[in-house]
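Below: the structure, in structure tokens.
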Amino acid sequence: MSKKLLLIDGNSLAFRAFYAMYNQLERMITHDGLHTNALVAFNNFLDWLTEDCQPDLALVAWDATSGKETFRGDLYDQYKAGRKKTPSEFKEQFPYLRKLVANHGLHNYEHEGLEADDIIGTLSKLGTAAGYEVTVVTGDQDLIQLASDQVTVKVTKKGVTEIDAYTPAFIREKYNLTPDQIIEKKALTGDTSDNYPGVTKVGEKTALKLLAQYHDLDNLYAHVDEMKQSKLKENLINDRQQAFRARKLATIITDADLSIDLSDLTYTGLNVPELTEFYEKLDFKQALAKLHALQASGQIEGVEQPAQKQLTVQELTVDNLDLLANVKDEVAFHLDFTGENYHTADSVGFVIGNPEIGYFGSRQVELLQEPILKNLLENDQIDKDLFHVKAQWVLLKRLGIDLKGVKFDFLLVAYLLDTVGNDNVLSTLAQRFQIYLTADEDFYGKGSHYQIPADTQAVLDHIGAQTDAIWHLKEPTFKELKEHQQDHLYFDIELPLAFVLAQMEYQGFKVKPERLEEMGADLDKRINDLISEIYRLAGEEFNLNSPKQLGVLLFEKMGLPVIKKTKTGYSTAVDVLEQLAPQAPIVDFILQYRQLNKIKSTYVDGLLAVINPADSKIHTRFLQTLTQTGRLSSVDPNLQNIPMRTEEGRKIRHAFVASQADWVIFGADYSQIELRVLADVTGDENLQKAFLAGEDIHAETARAVYGLADDAPVDPLMRRTAKAVNFGIVYGISDYGLSNNLGISRSEAKSFIDTYFKEFPQVHEWMDQIKKQAHEQGYVETIAHRRRYLPDIHAKNFHLRSFAERTAMNSPIQGSAADIIKVAMIKVNQMLQEKHLQSRMLLQVHDELIFEVPANELDQIQELVPKVMDSAIKLKIPLKVDSHFGSTWYEAK
DNA sequence: GGGCTCACG
DNA sequence: ACGTACGTGAGCCCA
């Protein structure tokens, strides 16, 4: 095989790189304020190119930066004139581009009076003569004139990820031209970006037609007089000189005098120490991770990574399980699975061990059921270090194993240390602590490309690297946990909660498909009637689910007034439609359609699709490490947003039933927990008194704000306003937001807020103090020391900064309420166990808990659950819990 | 994949 | 002058 020469057009590619990632410009800045978007894209591109091409010789050519004009400037004084100034954000990256190239083991070259094109043209000719297979890479079509049997010219298309490889055959196919004729084409069309004209009115199409007939410029002009009279002929004759000048400008020099030789261009590969330093200096986290992963996997040599020694997992079989007899007090364990939903996922394999005894694993997860392994996992005297304990617990439970003795869950700890940018992926979370792993996505592929490699050892080593990383992550992360005063939050709240949640998910909530199907049939009929009526009133059929088409109908064809706009067009949201309803009867039908269709598609059809046929239950997953405030979320399906507010939707809850006959559904919810938390954390005495004074906090607030007597009646409008103010306070109030919500003027809203703060002065003080704290330390905390960092608190942008300030006020409230119910869940679960009750907790919906309860336990549960919830965490004012039960979730209201 | 809409607390 | 109430997830459209 012939040797390879790689020639890269530095300027055009860097330019492409800068604009390919232009939308990332302000996100990619080093701590010293250097923009790095072009560097990041160029770096990725170099990686890809060198891996793909594996060159023997390689060079990146740059346009001359100094001194003398190029011959093209001499030839035409307008050459490249009128170009926009290079943005300074791009210019500042130039010097680093060259370093980047050098650190990748490629040569940089520029030469006075020459453009990068000419350097590449000359070297490609030299390379061809010396028998090299030449690859030219550029962002610019001009270079394709160099294509030949030995030279392939790769040109980036959109961005830098897609590439066309121009060979003579490809050029023939695309333009019906030879590479040489590319110059002739350019002569006729000129070049707008280099600012030289060809022949007036001749663009690509005309040029191709002329070249098909006349082949080249000389022959064309030799026969131009024979052409029949036309505007084109006139233009050709008039612009003859321009065309020939353009041909000279477009022709790339292939015999320039260079001060280098092919022998100077040896490709030396990555300079790992230099590149590491470069990446570190410019905060290239991903590139650094990739580099470290390459080193760890032994594909390249480089800087010593003590914690990342290449480890080999020893494969376990039924015959060598006694290898695990040495396991004493602590092991790391990782059971890998496909996809995200561990309730249904297939297992890929597992690894167990630690650096002292080594790592052992198998792709046969049934091995875990062998006594030695099962006992080890179920032994609470042997500490386990894991990633994502809840998933591990469920996967093992499905194998009949009861995981115990868990001490470290890296996912939970990483989430508690910093919620920002947590993607729940081990490899990216590990990077925060300078541990670099091959990402699952890179190892297995993603989406439809997911495939478990056939090489068992490779798979085990991949899982092993993760297991070993978990082991090494424990110490540094536990240390930070302590510094954050989050030991209690982790050991006494989140870690035990993970087991409670795992049991709830595994238990599942029984759903009667026939109830949903009945509802579905009824809804279908009513939806179809609505659709017919809407089409009739509209006078045409259209896609009712398309806000765009609906907007055209309402606001263009029917001429209804535009009340609100979205980024992309007219808003057709409920509040808008409600305002339009009196003006056109169709609008009310559309509102009804929207409501019923939502119930049908999201809830009837959506839930039916996720009932497990084996047990007729729905097994949601609670995401414990996602929200920025400490709340849970629920997915696959979301059982935290089952309809409640409208009767029509609420009927969905009829389908949710207890799993056994004579059992009931029991629900208990905190009353006004967030406002009680507010009264507690602010220490506001008036707010505390208001809670102690009456049943109805919104009415009490109204009395305070409107200056009514303690026992005076409160009219509904006053109560509604006070309620909105209470919500506003919890959300981090602004007069603008409140005015919008209540449909009042900003100044009226402002005066409400002022009065509120006058009545509850310590709430006001707390709001100021928490904002100040956020500015000073960059984060806010809940009563259990749950932390939320607010990077935007220092933003120059008013919008971002204001948002961060509202968040600073809201997160401690919402988050503390989350702390309280989490503690309650752990205590309720403990109580159920201690009292040997069969009742089971099924769901948490932020301020309420849902249970299924045998009829004979109902009295006890009704007494005990609210009691445990009340006393979960002691506040300065009592917590209040309401409870309900019934034969279905609908009845438990 | 982003935007819109709408379900919950 | 600026212009959003806080926290979520799912279905659908449309590029």
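In what follows, chains are A, B, ... by sequence order, proteins preceding strands, each numbered from 1. No hydrogens, no waters, no symmetry mates; every other heavy atom, side chains included, goes into these values.
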If you look at every strand shown and take non-hydrogen atoms under 4.0 Å, does [X] touch a base, only sugar-phosphate, or nothing?
{"X": "S734(A)", "answer": "base"}
{"X": "S571(A)", "answer": "sugar-phosphate"}
{"X": "D847(A)", "answer": "sugar-phosphate"}
{"X": "G728(A)", "answer": "base"}
{"X": "N597(A)", "answer": "nothing"}
{"X": "A724(A)", "answer": "base"}

What residues in [range] put a non-hydrogen atom under 4.0 Å from any atom of DNA chain B?
{"range": "residues 641-652 of chain A", "value": "N641(A), I642(A), P643(A), M644(A), R645(A)"}
{"range": "residues 521-535 of chain A", "value": "none"}
{"range": "residues 622-635 of chain A", "value": "R631(A)"}

Both distances under 3.5 Å, Watson-Crick or G-U wobble: on that basis, could you give the dot-bracket string for DNA chain C, with [ ] for crossing pairs and | for other-strand partners? .....|||||||||.

Electrostatic pair [X]:[Y] at N-O distance under 4.0 angstrom:
{"X": "E540(A)", "Y": "K557(A)", "result": "yes"}
{"X": "D768(A)", "Y": "K772(A)", "result": "no"}
{"X": "R653(A)", "Y": "E891(A)", "result": "no"}

Using a 3.5 Å distance criterion without hydrogens, assess whether the side chain of N528(A) forms a donor-acceptor pair with backbone atoms of D524(A).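 A pair under 3.5 Å: yes.
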
Pairwise side-chain contact, L607(A) with I642(A), heavy-atom cut-off 4.5 Å (strictly under):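 Side-chain contact under 4.5 Å: yes.
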
Nucleotide interval of DNA chain C bounded by contacts with chain A (heavy-atom cut-off, under 4.0 Å):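 The footprint of chain A covers dC2(C) to dA15(C).
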
Aromatic ring pairing F803(A)/H799(A), orientation class (parallel under 30°, perpendicular over 60°, tilted between):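 Ring orientation, 0 to 90° scale: parallel.
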
For the residue pair Y789(A) and Y779(A), is the inter-centroid distance of their aromatic rings smaller than 6.0 Å?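 Ring centroids of Y789(A) and Y779(A) are less than 6.0 Å from each other.
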
Does the side chain of Q640(A) come under 3.5 Å of the side chain of Q844(A) through a donor N or O and an acceptor N or O?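 Note: Q640(A) and Q844(A) side chains meet the donor-acceptor criterion.
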
Atom of S811(A), atom of T629(A) and distance for their closest heavy-atom approach: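 Closest pair (atom of S811(A), atom of T629(A), distance): OG-CG2, 3.9 Å.
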
Outermost DNA chain B nucleotides near chain A [under 4.0 Å, heavy atoms]: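 Range of nucleotides within reach of chain A: dG3(B) to dG9(B).
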
